[in-house]
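First comes the structure, then the notes that go with it.
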Amino acid sequence: MDTEKKTVTHIQKGVRKILEIPGVYDLFHTLTGGNKQRERHFKQYFDLKAGSSVLDIGCGTGVLLKNLPDGVEYHGCDLEENYIEHLNEKFKGKGIFYCERVGEVIREEWKGYFDVINAHGLLHHLSDEDCDMLLETARLYLKDGGYLVTVDSVFHKGQSKMSKWLVSKDRGQNIRSTEGYDDLAKKYYNKTETELITNHLRIPYSIYVMAMYK
Ligand SMILES: C[S@@+](CC[C@H](N)C(=O)[O-])C[C@H]1O[C@@H](n2cnc3c(N)ncnc32)[C@H](O)[C@@H]1O
């Protein structure tokens, strides 16, 4: 992909830069307990039958793919060439991987195609405008009755100072309140189920899960 066209969506300096290395990214999530939480999350939202189709927007190192049942058709997109190269080496034949920014080009063959779309850890990196593009494109790509699942760092009422501080140190530069995420979803989805999770890591940290139905 033409790197000139890439939009920088997160802090790419200092300690947070090394999270772009796939092995370091995975180790970080293992140490904080993030990978265990993800396994629980994927069981809850991606308990799919063989033959189901999944689009993973911002697929990173393929954490969702590792947690899917056999026979699920997986397509993963990410802006980072490092991640896509890693996926092509490690998961050849288990999915199809694209180095692209979702929504920049509309794929006709994906319209109404996917049962479930995942965007794990994306919205808090994106401006409102880019979130609009992602949410609208995902809606276009979902089958009727399909759903989009997002998970993001969040600010909320009653949050401890430490949790607020740690959340503010995330690489994403557009962390919102629960209400802020709800407002984004409302523009494109009539039915959204949400979950605020505050005790899933070994550190005080809060995330917000939304399942948005077409
Ligand atoms: C915090 S990471 C999460 C990775 C993965 N979903 C996970 O849970 O481990 C966010 C990823 O989204 C990618 N990304 C951000 N905006 C994107 C977009 N519009 N289209 C595709 N990938 C995007 C970034 O390159 C980054 O790898």
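Note that the numbering runs from 1 along the sequence shown for the chain. Every number for a ligand or one of its atoms is a count from 1 in the order of the listing. The structure presented is a predicted model; accordingly, all values stated were derived computationally and were not measured.
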Compute the minimum heavy-atom distance from V102 to ligand 1 and say whether it is under 4.0 Å.
-> yes

Does any non-hydrogen side-chain atom of H125 lie less than 4.5 Å from one of R171?
-> yes

Name the option, out of R171, R38, E100, that contains the heavy atom nearest to atom 8 (O) of ligand 1.
-> R38

Side-chain ion pair, D152 and R176, N-O less than 4.0 Å | no

Measure the shortest side-chain to side-chain distance between L55 and C77 over non-hydrogen atoms and say whether it is less than 4.5 angstrom.
-> yes

Report the part of V151 in contact with ligand 1, treating N, CA, C, O as backbone and CB onward as side chain, heavy atoms under 4.0 Å; options are side chain, backbone, both, neither.
-> neither

Check each atom of ligand 1 against the heavy atoms of H125 and keep those under 4.0 Å away; list them by number with element.
-> 1 (C)

Measure the shortest side-chain to side-chain distance between N67 and F46 over non-hydrogen atoms and say whether it is less than 4.5 angstrom.
-> no

Find all atoms of ligand 1 within a distance of less than 4.0 Å from any non-hydrogen atom belonging to C59, and give their numbers and elements.
-> 5 (C)

Counting from 1 in the order shown, the ligand 1 atoms closer than 4.0 Å to a non-hydrogen atom of Y83 are 27 (O)

Test item: I175 and Y181 side chains (from C-beta on) under 4.5 Å apart, heavy atoms = yes

Which ligand 1 atoms, with their elements, are less than 4.0 angstrom from a heavy-atom of R101?
-> 19 (N), 20 (N)

Which one holds for N118 and ligand 1: side chain close, backbone close, both close, or neither close, with close meaning a heavy atom under 4.0 Å?
-> neither

Element-labelled atoms of ligand 1 that are located less than 4.0 Å from some non-hydrogen atom of L126 = 16 (N)

Evaluation steps, side chain to side chain donor-acceptor pair (under 3.5 Å), between D170 and Y205 = CA-CA 10 Å; D170 189 283; Y205 204 88; 3.0 Å; yes

Considering the heavy atoms of G121, write down every atom of ligand 1 situated less than 4.0 Å from one of them.
-> 1 (C), 10 (C)

Closest by any non-hydrogen atom to atom 13 (C) of ligand 1: pick that one out of D78, I84, I57.
-> D78

Going by the atom numbers of ligand 1, which of them fall below 4.0 Å from some non-hydrogen atom of V63?
-> 9 (O)

Q37 pairs by side-chain contact (heavy atoms from CB on, under 4.5 Å) with which of V151, N199, I197?
-> I197

Are L68 and F42 side-chain neighbours, meaning at least one heavy-atom pair lies under 4.5 Å?
-> no

Ligand 1 atoms nearer than 4.0 angstrom to some heavy atom of H120 are 3 (C), 5 (C), 6 (N), 8 (O)

How many angstroms lie between CD in E73 and CD1 in I96, if you round to the nearest 0.5 Å?
-> 6.5 Å

